[in-house]
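Worksheet for the structure shown next.
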Number of protein chains: 2
Amino acid sequence: MPHCHTLIAALRQQGCRLTPQREMIVEALAHGGCHMTAEEVLEIVRQKTQAVNITTVYRTLDLLVERGLATRTDLGEGRIVYATIRHGPHLHLVCRCCGRVIEADASLLALLGETIHDRYGFTPQLEHIALYGVCRECNETRNT
Amino acid sequence: MPHCHTLIAALRQQGCRLTPQREMIVEALAHGGCHMTAEEVLEIVRQKTQAVNITTVYRTLDLLVERGLATRTDLGEGRIVYATIRHGPHLHLVCRCCGRVIEADASLLALLGETIHDRYGFTPQLEHIALYGVCRECNETRNT
DNA sequence: TTCCTTGCAAAGGCTTTGCACACCG
DNA sequence: CGGTGTGCAAAGCCTTTGCAAGGAA
């Protein structure tokens with residue numbers, strides 16, 4: 001897991017203390033997919049030890065986001081997900097039917113971002129956004 | 001306020017009972033902008049009477065959404081906003097700095113929607129979506 | 001030793017639910 | 001009158017905060 005070592009080194013460089021909890025949380029996040037909730041991170045860590053509290057998970061994830069090492073995306077409907085920066089920009093396609101999350105290429109948004117900037121003077125943060133809709137499978141099920 | 005009469009008529013047609021509370025809530029939503037929280041709807045209704053409860057506002061707004069007369073958009077960060085269907089499709093540009101919400105033309109998204117559909121088989125619901133970023137004013141303030 | 005981190009419990013904010021009473025149709 | 005709608009209070013859910021104890025450096 002070379003990536004999580006990078007993150008841990010970065011934390012140390014920034015003057016943050018390294019604790020077993022932080023290491024495990026970073027490792028869990030680095031192992032996981034592109035969108036993990038705090039609860040999911042905790043579950044993975046709990047496979048190793050019970051000695052981590054959900055509060056610490058939240059605090060560590062926030063720390064990573066503050067330090068620019070992770071991103072936080074609000075998928076709406078109470079779902080807040082985190083990912084390490086290694087998981088580059090992407091677009092979350094969230095199915096309202098089955099809850100599945102598809103990761104799409106964020107470059108699809110580049111043109112949109114420019115247009116919005118030109119027209120409204122608004123600079124959208126398009127690194128990790130979520131769009132709701134219905135996935136292929138659910139669409140097919142519906143029409144059956 | 002012809003629009004709220006249409007909505008009220010539609011509710012009645014669908015077999016819903018008309019109460020003073022429902023009428024006032026519908027009227028408030030129709031008067032308001034394109035993104036009102038339940039709390040904001042309540043405030044407007046309260047200018048007329050104290051005899052409405054936030055619970056009823058939530059229930060009525062949910063009713064309108066169920067019946068297809070209003071939309072519900074989760075702007076993230078706990079902000080859920082409602083609008084009547086008369087407020088056609090639009091894009092919410094939410095400033096992370098000042099919280100301001102700019103309404104943009106939803107047609108900007110049409111091409112994106114098609115591309116996503118073709119490439120991922122995912123049908124995005126682009127009627128009322130939210131994008132986060134920084135507005136022109138906050139950008140200028142930052143650079144001063 | 002210093003003071004950053006952690007865990008626990010409790011608070012917070014927003015939304016939903018249970019239940020008895022009210023009132024529309 | 002029957003059954004839907006309302007208000008109140010309380011519960012739920014996820015996240016944050018306060019505070020004392022623990023442990024990294």
Side-chain angles (χ1 to χ4, degrees), chain A residues 7-26 28-29 35-43 45-46 48-67 69-82 99 130, chain B residues 7-29 35-43 45-46 48-67 69-82 94 99 130:
Chain A
L7 292 174
I8 289 171
L11 269 188
R12 181 183 285 138
Q13 280 186 347
Q14 299 198 23
C16 298
R17 286 190 182 165
L18 279 189
T19 62
Q21 290 93 331
R22 286 187 173 173
E23 286 185 24
M24 287 187 290
I25 290 167
V26 166
L29 187 65
H35 41 262
M36 300 184 73
T37 63
E39 208 63 54
E40 287 165 354
V41 171
L42 181 66
E43 270 176 39
V45 173
R46 282 271 163 92
K48 284 195 168 182
T49 171
Q50 288 293 315
V52 175
N53 190 279
I54 186 70
T55 304
T56 302
V57 174
Y58 278 112
R59 284 197 277 228
T60 302
L61 292 174
D62 286 347
L63 180 74
L64 291 170
V65 173
E66 274 171 26
R67 303 304 171 119
L69 302 173
T71 58
R72 175 187 152 124
T73 307
D74 190 331
L75 297 184
E77 298 174 2
R79 290 203 279 179
I80 295 175
V81 294
Y82 297 84
Chain B
L7 292 174
I8 289 172
L11 270 188
R12 181 183 286 138
Q13 279 186 349
Q14 298 197 24
C16 297
R17 286 190 184 166
L18 279 191
T19 63
Q21 289 93 332
R22 286 187 173 172
E23 285 185 25
M24 287 187 290
I25 291 168
V26 166
E27 194 176 332
L29 187 65
H35 40 262
M36 300 183 74
T37 64
E39 208 64 54
E40 287 165 351
V41 170
L42 181 65
E43 269 176 40
V45 173
R46 282 273 162 90
K48 284 196 169 183
T49 172
Q50 288 293 316
V52 174
N53 191 277
I54 187 68
T55 305
T56 302
V57 174
Y58 278 113
R59 284 196 276 228
T60 302
L61 291 174
D62 287 348
L63 179 75
L64 291 170
V65 173
E66 275 172 25
R67 303 304 171 117
L69 302 173
T71 58
R72 176 186 153 125
T73 307
D74 190 332
L75 297 184
E77 298 173 3
R79 290 203 279 179
I80 295 176
V81 293
Y82 298 83
V94 187

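The sequence lines fix the lettering, A, B, ..., with proteins before strands; numbering per chain opens at 1. All values derive from a computational prediction rather than experimental measurement.
- Nucleic acid contact for A/I54: none, since no nucleic acid atom lies under 4.0 Å from a heavy atom of the residue.
- Using a 4.5 Å heavy-atom cutoff, the side chains of B/E27 and B/I8 are not in contact.
- Annotation: side chain of B/V57 is not in contact with side chain of B/E39 (no heavy-atom distance under 4.5 Å).
- Separating the CZ atom of B/R72 from the C1' atom of C/dT16 is a distance of 11 Å, rounded to the nearest angstrom.
- Looking at A/L29 and A/L64, their side chains come closer than 4.5 Å, going by heavy atoms from C-beta outward.
- Separating the CG atom of B/L64 from the C1' atom of D/dG5 is a distance of 14 Å, rounded to the nearest angstrom.
- Side-chain proximity of B/Q21 to D/dT4, C/dG7, D/dG7: nearest is D/dG7.
- Residue A/Q50 contributes atom CD, which lies 11 Å from atom P of C/dG7 at whole-angstrom precision.
- For the pair A/L11 CG and C/dC4 P, the interatomic distance rounds to 16 Å; values are reported in whole Å.
- Between B/E39 atom CD and C/dT16 atom P there is a gap of 13 Å when expressed in whole angstrom units.
- Here C/dT6 presents its P atom at 13 Å from CG of A/L42, a figure rounded to the nearest Å.
- Here A/R22 contributes atom CZ and A/R12 contributes atom CZ; the two are 12.0 Å apart, rounded to the nearest 0.5 Å.
- Looking at heavy-atom distances under 4.0 Å, A/A38 makes no contact with the nucleic acid at all.
- Of the side-chain N and O atoms in B/R22, one or more sit less than 4.0 angstrom from OP1 or OP2 of D/dT6.
- Residue B/T19 has its side chain nearest to D/dG5 when only C/dG25, D/dG5, C/dT16 are considered.
- In terms of modelled atom types and a separation under 3.5 Å, the side chain of A/R46 and the main chain of A/V52 share a donor-acceptor contact.
- When the P atom of C/dC24 is taken as reference, atom CG of B/L63 falls 17 Å away, rounded to whole Å.
- At distances below 3.5 Å, not a single donor-acceptor pair connects side-chain atoms of B/R67 with backbone N or O atoms of B/L11.
- Comparing B/R12 and B/R79 by the nucleotide of DNA chain C that holds the closest heavy atom to each, the one mapping nearer the 5' end is B/R79.
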Under 3.5 Å, which N/O atoms of the protein pair with N/O atoms of nucleotides 8-11 of chain D?
from, atom 1, to, atom 2, distance (Å)
D/dC8, OP2, B/N53, ND2, 3.3

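- One donor-acceptor pair, N or O on each side, does fall under 3.5 Å between the base of D/dT4 and the side chain of B/R17.
- When each of B/P20 and B/D62 is assigned the nucleotide of DNA chain C with its nearest heavy atom, B/D62 is the one assigned upstream, toward the 5' end.
- Counting heavy atoms from C-beta outward, A/Q21 and A/T60 have side chains that stay 4.5 Å or more apart.
- As rounded to whole Å, 14 Å separates atom P of D/dC14 from atom CD1 of B/I80.
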